[in-house]
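Counting convention: from 1, in listed order, for ligands and their atoms alike.
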Amino acid sequence: MSQNQNLNRIPWVIKYRPRKVDDVVNQEEAKAKVLEWFKKWPNTQKKALLLYGPPGCGKTSLVEAIANEFGYELIEMNASDFRRKEDIERIALRASTAQSLFSSGKNKIVLLDEVDGIAAKEDAGALDAIKHLIEVARIPIIMTANNPWDQKLRPLRELAEFVQFKKLGKRDLMKLLMHVCSSENLKCDEDALDYIIERAEGDARAAINDLQAVGEGFGEVTLERAKTLLRPRDKERDPFETLRTIFSASYAWQAKNALNQSQLDYDQLKLWLEENIPLQYTNQNDIAKAYEFLSKADVYLGRIVRSGDWDLLSYSIDLMTAGIAVAAKNNPKDKFKWVKYNFPQRLLMLSKLKEVRDIRDDVAKIISQNIHVSTSIAKNDVIPILRAIFSSNPEYAARIALALGLSEKMIELLAGTNKAAIISYYRKYKEAMEKEARARLEETIHREKNKKEKPKHEEKKEKRDLLSFSKKS
Ligand SMILES: Nc1ncnc2c1ncn2[C@@H]1O[C@H](COP(=O)(O)OP(=O)(O)OP(=O)(O)O)[C@@H](O)[C@H]1O
């Protein structure tokens, strides 16, 4: 498959998502509850539904299938879209005006995906707005979440019926994968599918994505290729994988998801992108566009710091993820190019600078104790003098270093280009000093030993003298 085709590919999780309720595999109990609730709506006990269960088990798929099969229009929003209270209020307003909602002639459903993705601090107000939306809406509101026990979701319990979705079993996943294999005309080894299913841990999205990664364009799925192409699945993606996912994303949500699943936070991601954009993209205009998005993202981050307005975070993240993914307009092939990413130089420099600062502070402390000045005088006045001495007279510098008890790292800080010469003197003198100290120690031990033995000696001599004296007398 050429890379251009690759760019236009449809993710199989979208291509094969259930169109009808029956296509949703093995969630019979949940399906029955949800359909029952729909039948009764608006005369249901609770006005909203919250579908919960592990990732990729069919929560969103079921709502989409219902909408598709029964002719509802779906107003779908993800946690990152309804972070802002105003977004929810906007829907609430529309939801409370029946006319505008039913004007298209189609009934509507509002689907708020991943409500547990609302962060308690950053998205304060969003949950109140959701509650308000449920209260005023004249259309079904359905939410999804992974963790129903999340404290944040507590207030929703009074308003929404909670419906459990089960983790999909191996047999369910096998059925789904076999269906994709036959629709794609893929020859699939069963042990390769077993391997993919094992890794997926009940997550159909993960399994289908892996199958696509291993099989698309190859015509077959073998265990060997699966093992080569699929890296062990970490709970969190490392920075390299995060970058790869963002650059190669064909959809905004894929790029945004990459940050949710990453070990990086948005500040670190900014530095990683800054370093690696010119490695991934080669076209000058694409690079310029990507940096433009990144600098706008940075402007928003700056505003958040100044104003404390966390609503801006979602804009910044969109620019850093989806923005970067769409920047490769002129040379879209670059998106899929394998690149060896660099660790951000700025991060390296910052950590080196911190190390240098720590060493300088230690030197200042030693000087201040030895010559009785404050550490700030040591830093600002004495260290520059030492630097001058160290750069002009290596031998003398080594003696000072030994007298002050500086370590080799401290010498490196003061030495400049004379580092090697000073350290060589330093080691030579240090060895001589240690030898001398050892000799002195041995001498002292010897002396002490003699001191202890002398009295016995003398005692015997005294005895002998006394005996000979008594004999004589
Ligand atoms: N029970 C299922 N039957 C058929 N396909 C499924 C099922 N569960 C998941 N899938 C497949 O996995 C993809 C992702 O599923 P879906 O979006 O419904 O997961 P989810 O439970 O809402 O997960 P999340 O909590 O991560 O949003 C779907 O597009 C579909 O292809």
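Heavy-atom proximity to Tyr16, at under 4.0 Å, picks out these atoms of ligand 1: 31 (O). Within the listing of ligand 1, atoms 8 (N), 9 (C), 10 (N), 11 (C), 12 (O) sit less than 4.0 angstrom from a heavy atom of Ala204. Ligand 1 places these atoms under 4.0 Å from at least one heavy atom of Pro18: 4 (C), 5 (N), 30 (C). Less than 4.0 angstrom separates some heavy atom of Val24 from each of these atoms of ligand 1: 1 (N), 3 (N).
Contact analysis leaves Thr144 out of contact with ligand 1, as no non-hydrogen atom separation drops below 4.0 angstrom.
Here the protein heavy atom with the shortest distance to atom 24 (P) of ligand 1 is Arg205 NH2, 3.5 Å. Nearest non-hydrogen protein atom to atom 21 (O) of ligand 1 is Lys59 NZ, 2.8 Å. Counting only heavy atoms of the protein, atom 3 (N) of ligand 1 lies nearest to Val25 N, 2.8 Å. Among protein heavy atoms, the minimum distance from atom 18 (O) of ligand 1 is reached at Ser61 OG, 2.6 Å. For atom 31 (O) of ligand 1, the nearest protein heavy atom (residue, atom name, distance) is Val13 O, 3.3 Å.
Annotation: Trp12 places no N or O atom under 3.5 Å from an N or O atom of ligand 1; distance criterion only. Among the atoms of Asp113, none of the N or O lies under 3.5 angstrom from an N or O of ligand 1. Residue Ile208 has no nitrogen or oxygen atom sitting less than 3.5 Å from a nitrogen or oxygen atom of ligand 1, judged on distance alone.
In this structure, Lys40 fails the cation-pi test against Phe38, since its NZ or CZ atom is not both closer than 6.0 Å to the six-membered ring centre and inside 45 degrees of the ring normal.
The side chain of Leu168, and not its backbone, has at least one atom closer than 4.0 Å to an atom of ligand 1 (non-hydrogen atoms only; side chain from C-beta on).
Shown here is Glu135, whose CD atom has more than 12 heavy atoms of other residues, nucleotides or ligands within 6.0 Å. Heavy atoms from other residues, nucleotides or ligands lying under 6.0 Å from NZ of Lys419 number 12 at most. By the neighbour-count criterion of 12 heavy atoms within 6.0 Å, atom OH of Tyr300 is sparsely surrounded, having that number or fewer from other residues, nucleotides or ligands.
Checked by atom type and distance alone, the side chain of Asp116 pairs as donor or acceptor with a backbone atom of Asn147 at under 3.5 Å.
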Worksheet item: Run the side chain to side chain donor-acceptor pair (under 3.5 Å) check on Asp189 and Thr222 step by step: do they pass?
Response: CA-CA 6 Å; Asp189 289 354; Thr222 60; 5.3 Å; no
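Ring to ring, Tyr281 and Phe247 are close: their centroids are under 6.0 angstrom apart.
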